Colleague: 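This structure is in structure tokens; I'll ask about it shortly.
Keep in mind that this is a model prediction, so the values were computed, not measured. When a residue number appears, it is its place in the shown sequence, counting from 1. Just the heavy atoms: all of them, side chains too, but no hydrogens, waters or symmetry mates, feed the values below.
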Amino acid sequence: MTNQSTSTYGISKTHRSPTRGGESVTVCPHAKDRTISGSSHPMWQMPIAAFVLLSACVALIGCRSSSRDNEAVNSEKQVILQAPVVTHASLLPPIQSPPPQSSPPVSPHPQTAQSLHDTNRLLQMVSLPINRMPSATLIGGGGDLADEVRHCGVAPSRFRDLTQAELIALAMQHSEVIRSLGVRVLNSPETVTTTYDPAIRASDPFFGPAAALAEFDSQVASSLTAQNNDRVFNNSTLGGDVQELVQDYVELNSTWRKRNVWGTQFDARSVYTYDSNNRSGNRFPSYWESQIEFGVRQPLLRGAGKQFNLIAGPNARPGFNFSNGIWIARINTQISQTDFDIALRDYFLDLYTAYWELHRQYAAYDAAVEARDVAYDIWQTVLSKKRSGLMGGEAYKEAQSRATYYRYMREVQTALGGGDGSAGLYSAERTLRRLIGLSPTSLELLRPIDPPAEVRFQYDLQASVSKALFNRSELCRQRLELQNRNLRLLAAKNFMLPQLDLVGRTRVRGFGDDLDGDGPRFASATDDLLSLDHQEWQFGVEMGVSPQRRQAKAAIRNASLQLQRERSMLREQERAVAFEVEEAIAEIQSAFLTMQSSIARVDAAQQRLASSEALYRSGKIQLEFLIDATEEVVQSKTQLAVDRSRYSLALVRISRTTGTLLSDLGVHSSPCCH
């Protein structure tokens, strides 16, 4: 009955399934029981089949949506990776990153579009925009931006213009220690020259001029002693007619000694004694005795003469190098002063070397910046053509121009911070700052503003060699050393003579009951002394000789060999100076010619670049020719900066080679001894 009722009152609809050709499905919405016509399956299995079919559709749509989402994410990552890294606003021009390679437009499914929108929102939530990044993060470190500028590839913005005159003034003001490009102050501080070295040598208390003069100073000595004696003698004769001697004894002794440059020794002595004893034969129980004596010793052979004493000094012996002679000490002081002049001259040469090196670094940096800007313009032109679909905007050309731009970007950063074997602008600036003696923490970069020399200078070889032979400090030092060795040889010959001295001494005595007073004779020791009644004298000759005189002969042989060595060294140094002068003049000529060639090359390269840009924009040449023209400009300008610095430094070195650098700069430490 139920089945019949369903058949009678139901509404039937017939559907053709696209997957089942001859199978019809009858759906009765108001029926409690459902069956599939032509099938034995019950109607309750229909929801399960519909659920499976719906799940398959959702899975298919989800796969397509996931694939499109992955494409969107990959495209977003591609944009992020292709975007240039921002280092600093002042260093980079505005950059337009190229769009990613897009696929043909596809109408997204509504569910896929919603998934893409959610993905973009997620990326925006987890990503930090570049323009919102802090400046400390942009340059790669924390702290103040000004502190980082001197240590990374950030473009300089604050400068302190420096002229050559100001360079010398600052160097003289801050240079107690003579600095050099080869840093030795940490490893070998004892080898570093300072402004105190000549004074330290001159004030040497053992080998300086003052020590040599001190050997001829007057010497004064004085002593006062008092005694109390209580002595028993077995023999009264030994005790002065007493067996038990009781005595009070006082002695005052004063001495003066002096030696002159002729080798003569003078001495004077005064002695006052008081004696009170119990001898039975005494005229006075106590008495005073006074005496004054003068002595002289004059060498006649060894050690005699003014020349020997000024060279070797008194009490000299062979092999002691006569370190106390006045002339030797003064020559050693002049040698020390000459060493200081040499260090000071080389210091100024290092200053100019660092000055022109920094000038070259600035020129190389400017050339790299100019090339970077040109490369950026080329890149943007190619990128515009690519976006417009024009010829010349091929993908490989855009990539090539972009790679060229970043290559020049790296050259700019290398020109600033160094790399690839070059020091960089900041390193050269720190070197110059260290040589001058300025603080390394200044926010202003030193910038040389004096233009390099471009006028041709001509030097006469013979005149320059003669000037160098007369003025070079090394030759001056060697002449002083030669003079030193010649004096030592003269002094060494004196030791071949025997010792023969004249000696003489005179003495006046006085005796009295009191030291001073009135009365008969011997009442006052002072009156008796002044009466000159008791005079004594002594005169004689002293002689001494070593028959073989081995030490004296060895000293002469050694001094003669030392003198010959220094003469040979002087001749060789003069030859070396002549070659240095010739080399310096040749360097000036070569540097000038190469500089002129570099100037012409820069002019030609700039004309080529301008022509290449016009031809490329009109589509008549390939991109490679424009890039080659840009590289030629950079290389030519960099080489011109090198050649200009070389020529300017060569002019400084010729003054150094001829020995006139300090006088040309107006620096006078001491006159050279010829």
Colleague: May I have all residue pairs that pass salt bridge (Lys or Arg N to Asp or Glu O under 4.0 Å) and include part of residues 352-367, sequence neighbours excluded?
Modeller: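 Sorted pair list: Glu357-Arg360.
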Colleague: Less than 4.5 Å apart, any side-chain heavy atom of Leu640 and any of Arg601?
Modeller: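 No; the side chains remain at least 4.5 Å from each other.
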Colleague: Quick one: list whatever passes side chain to side chain contact (heavy atoms under 4.5 Å, CB included) with Asp664, sequence neighbours left out.
Modeller: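 Counting only residues at least two positions away or on another chain, Asp664 forms a side chain to side chain contact (heavy atoms under 4.5 Å, CB included) with Ser655, Thr660.
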Colleague: Is Val642 close to Gln639 at the side-chain level, that is, under 4.5 Å between some pair of heavy atoms?
Modeller: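 In contact.
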Colleague: Is any side-chain heavy atom of Glu574 closer than 4.5 Å to a side-chain heavy atom of Val577?
Modeller: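 When only atoms from C-beta onward are counted, Val577 and Glu574 do not touch, as no gap falls below 4.5 Å.
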Colleague: Roughly how far, to the nearest 0.5 Å, is OG1 of Thr630 from OH of Tyr408?
Modeller: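 Output value for this atom pair is 5.5 Å.
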Colleague: With sequence neighbours left out, what residues match Lys467 under salt bridge (Lys or Arg N to Asp or Glu O under 4.0 Å)?
Modeller: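 With sequence neighbours excluded, Lys467 shows a salt bridge (Lys or Arg N to Asp or Glu O under 4.0 Å) to no residue whatsoever.
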Colleague: Does the side chain of Leu649 reach to within under 4.5 Å of the side chain of Tyr355, using non-hydrogen atoms?
Modeller: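 No, their side chains stay 4.5 Å or more apart.
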Colleague: With distance as the sole test, does Arg472 use its side chain to make a donor-acceptor pair with the main-chain N or O of Thr657 at under 3.5 Å?
Modeller: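 Pair found, side chain donor or acceptor close to backbone of Thr657.
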Colleague: Taking NZ, NE, NH1 and NH2 as the nitrogens, is one of them in Arg447 or Glu429 under 4.0 Å from a carboxylate oxygen of the other?
Modeller: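 Here Arg447 does not pair with Glu429 in a salt bridge, since their nearest N and O are not under 4.0 Å apart.
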Colleague: Check whether any side-chain N or O of Ser611 sits under 3.5 Å from a backbone N or O of Gln607 as a donor-acceptor pair, and report yes or no.
Modeller: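 Side chain of Ser611 to backbone of Gln607, a donor-acceptor pair under 3.5 Å: no, none is there.
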Colleague: Does atom CZ (Arg410) have a neighbourhood of more than 12 heavy atoms from anything else shown, all under 6.0 Å?
Modeller: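 Check fails, neighbour count at 12 or below.
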Colleague: Is there any ring pair (Phe, Tyr, Trp, His ring centres under 6.0 Å) pair reaching into residues 584-613, and which pairs are they, with sequence neighbours excluded?
Modeller: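 Applying ring pair (Phe, Tyr, Trp, His ring centres under 6.0 Å) to every pair that reaches into residues 584-613, excluding sequence neighbours, yields Phe592-Tyr647.
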Colleague: How about Ile654 and Ile585: do any of their side-chain heavy atoms sit closer than 4.5 Å?
Modeller: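 With C-beta onward as the side chain, the pair touches.
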Colleague: Please enumerate all residues that pass side chain to side chain contact (heavy atoms under 4.5 Å, CB included) together with Glu190, with sequence neighbours excluded.
Modeller: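 Here the qualifying residues are Ser188.
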Colleague: Hey, could you give me the CG/CG distance between Leu665 and Leu344, rounded to the nearest 0.5 Å?
Modeller: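 Leu665 atom CG to Leu344 atom CG measures 9.0 Å (nearest 0.5 Å).
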Colleague: Side chains of residues 163-173: which donor-acceptor partners sit under 3.5 Å, not counting sequence neighbours?
Modeller:
| from | atom 1 | to | atom 2 | distance (Å) |
| --- | --- | --- | --- | --- |
| Thr163 | OG1 | Glu166 | N | 3.2 |
| Glu166 | OE2 | Arg160 | NH2 | 3.3 |

Colleague: Considering residues at least two apart in sequence or located in another chain, which fulfil the salt bridge (Lys or Arg N to Asp or Glu O under 4.0 Å) criterion with Glu624?
Modeller: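 Residues passing salt bridge (Lys or Arg N to Asp or Glu O under 4.0 Å) with Glu624: none at all.
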Colleague: Hey, is Glu587 close enough to Arg653 for a salt bridge, meaning N to O under 4.0 Å?
Modeller: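 Result for this pair is no, no salt bridge flagged.
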Colleague: For Leu662 and Asp341, work out which heavy atoms get closest and say how close.
Modeller: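 Shortest heavy-atom separation between Leu662 and Asp341 comes out as CD1-O, 3.9 Å.
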Colleague: Roughly how far, to the nearest 0.5 Å, is OG of Ser636 from CD of Glu632?
Modeller: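 Going from CD on Glu632 over to OG on Ser636, the span is 5.5 Å.
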Colleague: Mind checking the CG-OG spacing from Leu383 to Ser401? Nearest 0.5 Å is all I need.
Modeller: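 Rounded to the nearest 0.5 Å, the CG-OG separation comes out at 7.5 Å.
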Colleague: Please report the interatomic distance CG(Leu162) to CD1(Ile449), rounded to the nearest 0.5 Å.
Modeller: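 These two atoms lie 7.5 Å from each other.
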Colleague: Output every pair passing ring pair (Phe, Tyr, Trp, His ring centres under 6.0 Å) with a member in residues 597-631, not counting sequence neighbours, ordered by first then second residue.
Modeller: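 Every pair satisfying ring pair (Phe, Tyr, Trp, His ring centres under 6.0 Å) with a residue in residues 597-631: there are none.
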Colleague: Between Arg179 and Asp350, is the closest basic N to carboxylate O distance under 4.0 Å?
Modeller: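 Result for this pair is no, no salt bridge flagged.
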Colleague: Does the side chain of Arg646 pick up a donor-acceptor pair with the side chain of Ser590 at under 3.5 Å?
Modeller: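 Result is yes, a qualifying pair exists.
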Colleague: Listed by chain and number, what are the side chain to side chain donor-acceptor pair (under 3.5 Å) partners of Lys385, not counting sequence neighbours?
Modeller: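 With neighbours one apart ignored, the set is empty.
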Colleague: Could you check whether Ser175 and Tyr347, counting side-chain N and O atoms only, form a donor-acceptor pair closer than 3.5 Å?
Modeller: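 Result is yes, a qualifying pair exists.
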Colleague: Taking ring pair (Phe, Tyr, Trp, His ring centres under 6.0 Å) as the cut-off, I'd like each qualifying pair that reaches into residues 434-463, sequence neighbours left out, listed once.
Modeller: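 Residue pairs with at least one partner in residues 434-463: there are none.
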Colleague: To the nearest 0.5 Å, tell me how far Ile627 CD1 sits from Ser612 OG.
Modeller: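 Rounded to the nearest 0.5 Å, the CD1-OG separation comes out at 11.0 Å.
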Colleague: Salt bridge or not between Arg407 and Glu411? Use side-chain N to carboxylate O under 4.0 Å.
Modeller: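 Between Glu411 and Arg407 there is a salt bridge, with a charged N closer than 4.0 Å to a carboxylate O.
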Colleague: Above 12 or not: heavy atoms from other molecules or residues under 6.0 Å from CZ of Phe579?
Modeller: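 Counting other residues, nucleotides and ligands, CZ of Phe579 stays at 12 neighbours or fewer.
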Colleague: Side chains of Leu445 and Tyr362: closer than 4.5 Å at any heavy-atom pair?
Modeller: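 Yes. Closest side-chain heavy atoms under 4.5 Å.
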Colleague: Asp346: which residues meet the salt bridge (Lys or Arg N to Asp or Glu O under 4.0 Å) condition with it, sequence neighbours left out?
Modeller: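 Once residues adjacent in sequence are excluded, the partners of Asp346 under the salt bridge (Lys or Arg N to Asp or Glu O under 4.0 Å) criterion are Arg656.
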Colleague: Residues two or more places apart in sequence or in another chain: which of them pass side chain to side chain contact (heavy atoms under 4.5 Å, CB included) with Thr194?
Modeller: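 Counting only residues at least two positions away or on another chain, Thr194 forms a side chain to side chain contact (heavy atoms under 4.5 Å, CB included) with Val177, Tyr196, Asp197.
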Colleague: Can you tell me if Glu583 has over 12 outside heavy atoms packed within less than 6.0 Å of its CD?
Modeller: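 Not buried by this count: 12 neighbours or fewer within 6.0 Å.
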